Amino acid sequence: MNTLIEIKKLNYCYPNGPDALKNINFSIKKGEKIALVGPNGAGKSTLLLMLNGMLKPDSGEVSYLGEPVKYDRKNLRELRRKVGFVFQNPDTQIIAPTVFQDVAFGPVNLGFSGDEVKNTVLLSLSKVGLRGFEKRPPHQLSGGEKKRVAMAGILAMNPDVLVFDEPTSALDPAGSEDIMELLDEMHADGKTIIISTHDVELAYPWADRVILLNRGSILAQGIPDEVFYDKALVKYAKLSMPVLLELYESLTERGLKKSENLPKSILDFVHILSLNNIGNYPAEKKEKIKCGRIHLVDVDKVKPGEIQKIIIENEILAIGAMGSKAKLMAEIGNIEPDFTYGVIDKCLLKAINGKNTMIITSAGMIKRVHDRVFEFNKESLRDIEILDFKNYAN
Ligand SMILES: Nc1ncnc2c1ncn2[C@@H]1O[C@H](COP(=O)(O)OP(=O)(O)OP(=O)(O)O)[C@@H](O)[C@H]1O
């Protein structure tokens, strides 16, 4: 993997303020999903602001693709085009009287033609699930919708790296799940993503790598399993262990056999329990329970009206919509999805209980579903089947 951003020996102190960052060293590789985790005041926002040159270190270096960042106007403009930043509070970012104008701000400044601006804005709005919002005044939107407008504004500049300061702050659980799903969609589109959060439950299953920050210093960095399973470290950072790990630790102390991998989802946990012969169907029932199937619907190939027929004909008991296109399709087809985040694992969980499910999604994510189900089948010695619906005829 190529190193995109590298930070070396970085120090920063706000004028008349505390030492906000002390001797920071880390690098970000292309395609990574990184969570910067720490309690209030740890320095997360300050560090994120270094990534696209909004703050300049007092000492040390930030480099992008091997080149040290230069803090003149021209170079900063270039850098900010490649590293997009979505603020914690969308009101900081939204400036125009309509959603269209707000999202168009970047492309207009980049000198796009009228048609290019229009196409880019509409594409970005559809990526964040806000088509039809073009004429709305942003200040009349909900907090979650404003966050999406801010994201669309950044996507319109097509950056390589997306930085989100507390992407789910002030959102309800469904709004948070929607935003996290959007981040996954952007990642599937090839973007490198860095978020800050103090929500360990959110960071643990999502991130490829976690950087733990406290009082302006990096305490640890590594894969989430290692960082969050270190109780003393997590406590020192004034955070708590993700609840699945806490439960796993507690049960292994009482004799539960340890598994090869730590549980990242309820599905993983159920799998670990079943390896310990806990929660399995009794032998006589097990014989009769066949795994449910996952019906995979490609939104670009199947019409909304046809989905209802597939649901009825295949006795589908739970539906997941993965991605904004799928959610829009569900809305048009009058389908209320049961899952919109963590969809694959939730459908696998239903499948092992013998229930048929449907996942509605689009091109980029179809392979992800196949890969995850293949991996789960291999690990759990099951044969959960995927039926691909590329057109209704099959
Ligand atoms: N503009 C500023 N001027 C002076 N001090 C500041 C400024 N912004 C932040 N600080 C201080 O720098 C330190 C790091 O703040 P920062 O906002 O980066 O932390 P954070 O981890 O993002 O916190 P939170 O989770 O509460 O948003 C804190 O002690 C804070 O008081």
Side-chain angles (χ1 to χ4, degrees), residues 5-28 32-62 69 71 76 79-80 83-95 143-144 146-147 150-151 154 161-173 175-176 179-180 183 193-204 206-207 209-222 224 227-228 230 233-242:
I5 298 177
E6 183 149 36
I7 290 191
K8 282 189 209 150
K9 295 185 181 166
L10 184 150
N11 292 285
Y12 182 73
C13 178
Y14 282 101
N16 306 318
D19 276 344
L21 295 173
K22 291 172 265 185
N23 192 26
I24 301 291
N25 296 282
F26 72 88
S27 57
I28 298 167
E32 275 194 303
K33 293 201 286 188
I34 295 189
L36 197 57
V37 184
N40 290 135
K44 303 182 294 294
S45 303
T46 309
L47 184 49
L48 291 185
L49 289 167
M50 296 287 171
L51 299 178
N52 75 347
M54 272 186 279
L55 284 179
K56 185 179 175 187
D58 293 334
S59 61
E61 193 177 270
V62 180
V69 169
Y71 292 85
L76 282 180
L79 178 68
R80 286 176 195 162
V83 183
F85 195 105
V86 179
F87 286 90
Q88 177 171 354
N89 178 357
D91 292 325
T92 318
Q93 200 147 357
I94 294 173
I95 42 169
K146 281 185 195 171
K147 283 228 178 217
M151 283 184 181
I154 297 302
V161 183
L162 289 155
V163 179
F164 296 93
D165 196 1
E166 299 275 359
T168 60
S169 67
L171 298 183
D172 62 23
S176 300
I179 293 289
M180 293 314 289
L183 300 198
I193 304 200
I194 302 136
I195 66 166
S196 76
T197 183
H198 45 75
D199 185 344
V200 293
E201 303 297 344
L202 181 142
Y204 171 55
W206 178 82
R209 198 151 60 87
V210 171
I211 298 173
L212 202 56
L213 205 65
N214 193 20
R215 295 186 189 172
S217 300
I218 293 182
L219 289 182
Q221 45 181 316
V227 173
F228 290 131
D230 186 333
L233 181 69
V234 169
K235 189 173 169 206
Y236 185 69
K238 297 204 192 83
L239 298 167
S240 50
M241 232 190 214

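In each ligand, atom 1 is the first atom listed, and ligand 1 is the first ligand listed. Quick caveat: nothing in here was measured; it's all calculated off a predicted structure.
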Intermediate values then yes/no, side-chain contact (heavy atoms from CB on, under 4.5 Å), N52 and V163:
CA-CA 9 Å; N52 75 347; V163 179; over 6 Å; no
Can you pull out the closest protein heavy atom to atom 29 (O) of ligand 1? Residue, atom name and distance to 0.1 Å, please.
P18 CG, 3.5 Å
Could you pull out the closest heavy-atom pair between I154 and F85, with the gap in Å?
CD1-O, 3.4 Å
Pair W206-T197, side-chain contact (heavy atoms from CB on, under 4.5 Å): steps then yes or no
CA-CA 12 Å; W206 178 82; T197 183; over 6 Å; no
By number and element, which atoms of ligand 1 are closer than 4.0 Å to a non-hydrogen atom of E166?
25 (O)
After noting the C-alpha distance and the side-chain angles of V234 and V200, does the key distance pass the side-chain contact (heavy atoms from CB on, under 4.5 Å) rule?
CA-CA 10 Å; V234 169; V200 293; 5.5 Å; no
Minimum heavy-atom distance H198-N40, with the two atoms named
CD2-ND2, 4.0 Å
Taking only non-hydrogen atoms of G38, do any sit less than 4.0 angstrom from ligand 1?
no
Please name the pair of heavy atoms, one in L183 and one in M151, separated by the smallest distance, quoted to 0.1 Å.
CD2-CE, 3.9 Å
Heavy atoms of the protein only: does one fall short of 4.0 Å from atom 4 (C) of ligand 1?
yes
List every atom of ligand 1 that sits less than 4.0 Å from any heavy atom of A20, numbering the atoms from 1 in the order shown and giving each element.
12 (O)
Among all protein non-hydrogen atoms, which one is nearest to atom 19 (O) of ligand 1, and what is the separation to 0.1 Å?
G43 N, 3.2 Å
Is the shortest distance from a heavy atom of P39 to ligand 1 less than 4.0 Å?
yes
Residue, atom and distance of the protein heavy atom nearest atom 12 (O) of ligand 1 read Y14 CE1, 3.5 Å
In terms of heavy-atom contacts, does NZ of K8 have more than 12 from other residues, nucleotides or ligands at under 6.0 Å?
no
Under 4.0 Å and counting heavy atoms only, is there anything from the protein next to atom 22 (O) of ligand 1?
yes
What pairs of donor and acceptor atoms, side-chain ones from residues 212-221 against any protein atom, are under 3.5 angstrom apart with sequence neighbours left out?
unit_1: N214; atom_1: ND2; unit_2: Y236; atom_2: O; d: 3.3
unit_1: Q221; atom_1: OE1; unit_2: R209; atom_2: NH1; d: 3.1
unit_1: Q221; atom_1: NE2; unit_2: N25; atom_2: O; d: 3.1

Where is the nearest protein heavy atom to atom 13 (C) of ligand 1: which residue, which atom, and how far?
G41 O, 3.9 Å
Restricting to heavy atoms, the pick from G216, S45, S196, G17 nearest atom 17 (O) of ligand 1 would be S45
Report, in ascending order of atom number, the atoms of ligand 1 lying under 4.0 Å from any heavy atom of A42.
19 (O), 20 (P), 21 (O)
D58: salt bridge (Lys or Arg N to Asp or Glu O under 4.0 Å) partners, not counting sequence neighbours
none
Nearest to atom 26 (O) of ligand 1, what protein heavy atom do you find, and at what distance?
N40 ND2, 3.0 Å
Nearest neighbour in protein (non-hydrogen) for atom 25 (O) of ligand 1
K44 NZ, 2.8 Å
Which protein non-hydrogen atom lies closest to atom 15 (O) of ligand 1, naming both residue and atom, and how far is it?
T46 OG1, 3.8 Å
Looking at ligand 1, does any of its N/O atoms fall within less than 3.5 Å of an N/O of P15?
no
Check D165 with K44, please: is the shortest side-chain N to carboxylate O separation under 4.0 Å?
no
